[in-house]
Amino acid sequence: MISDFGQNAVLSILSHLVFITISWWALQAIRLDQLLKPNRVFQARLLYILLAIIIGSSVSNFFLDYLQWSQQLPLLLQN
């Protein structure tokens, strides 16, 4: 039982890191520098990081929820 919590924690951490990395990579295709004020390099980088975290965490939460729901689905048929 407790080892399941540890496995879920590791899976959640890895999932978040992978999807944040993928989001960072995907955001590189967008030219946000055209929307930002000139000479705001640090703020632009911070915006990229925050957007990657927001998008990656959202996608990871969806993935983890879907995984949990698919594991709970057989419980519906046990009665």
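One is the number of the first residue; the rest follow in order along the sequence.
- The hydrophobic clustering, which links ILVMFWY residues whose side-chain heavy atoms are closer than 4.5 Å, places Tyr48 and Leu35 together.
- Hydrophobic cluster membership of Leu14, counting Ile, Leu, Val, Met, Phe, Trp and Tyr whose side-chain heavy atoms lie under 4.5 Å apart directly or via other members: Val10.
- Partners of Ser12 according to the side-chain contact (heavy atoms from CB on, under 4.5 Å) rule, which considers only residues two or more places apart in sequence or in another chain, are Leu64.
- Between Val59 and Ile22 the shortest side-chain heavy-atom distance does not fall below 4.5 Å.
- For the atom pair CG of Leu27 and CD1 of Ile20, the computed distance is 11.5 Å after rounding to the nearest 0.5 Å.
- Every residue two or more places apart in sequence or in another chain that forms a ring pair (Phe, Tyr, Trp, His ring centres under 6.0 Å) with Phe63 is listed here: Phe19.
- Taking a 4.5 Å side-chain heavy-atom cut-off between Ile, Leu, Val, Met, Phe, Trp and Tyr, the cluster of Ile13 extends to Leu17.
- Annotation: salt bridge (charged side-chain N to carboxylate O under 4.0 Å, His left out) contacts of Arg45 (sequence neighbours excluded): none.
- Here the side chains of Ile53 and His16 are not in contact, with every heavy-atom distance at 4.5 Å or above.
- When all heavy atoms are compared, the tightest approach of Ala52 to Ser23 is O-CB, 3.6 Å.
- Within a 6.0 Å sphere centred on CG of Asp65, heavy atoms belonging to other residues, nucleotides or ligands number more than 12.
- Side-chain contact check for Ile49 versus Trp24: some heavy-atom pair is nearer than 4.5 Å.
- Sorted by first and then second residue, the salt bridge (Lys or Arg N to Asp or Glu O under 4.0 Å) pairs with a member in residues 19-32 read Arg31-Asp33; sequence neighbours excluded.
- Within the 4.5 Å cutoff, the side chain of Leu47 has heavy atoms near those of the Leu36 side chain.
- Under the 4.5 Å side-chain criterion, counting only non-hydrogen atoms from C-beta, Val18 is not in contact with Thr21.
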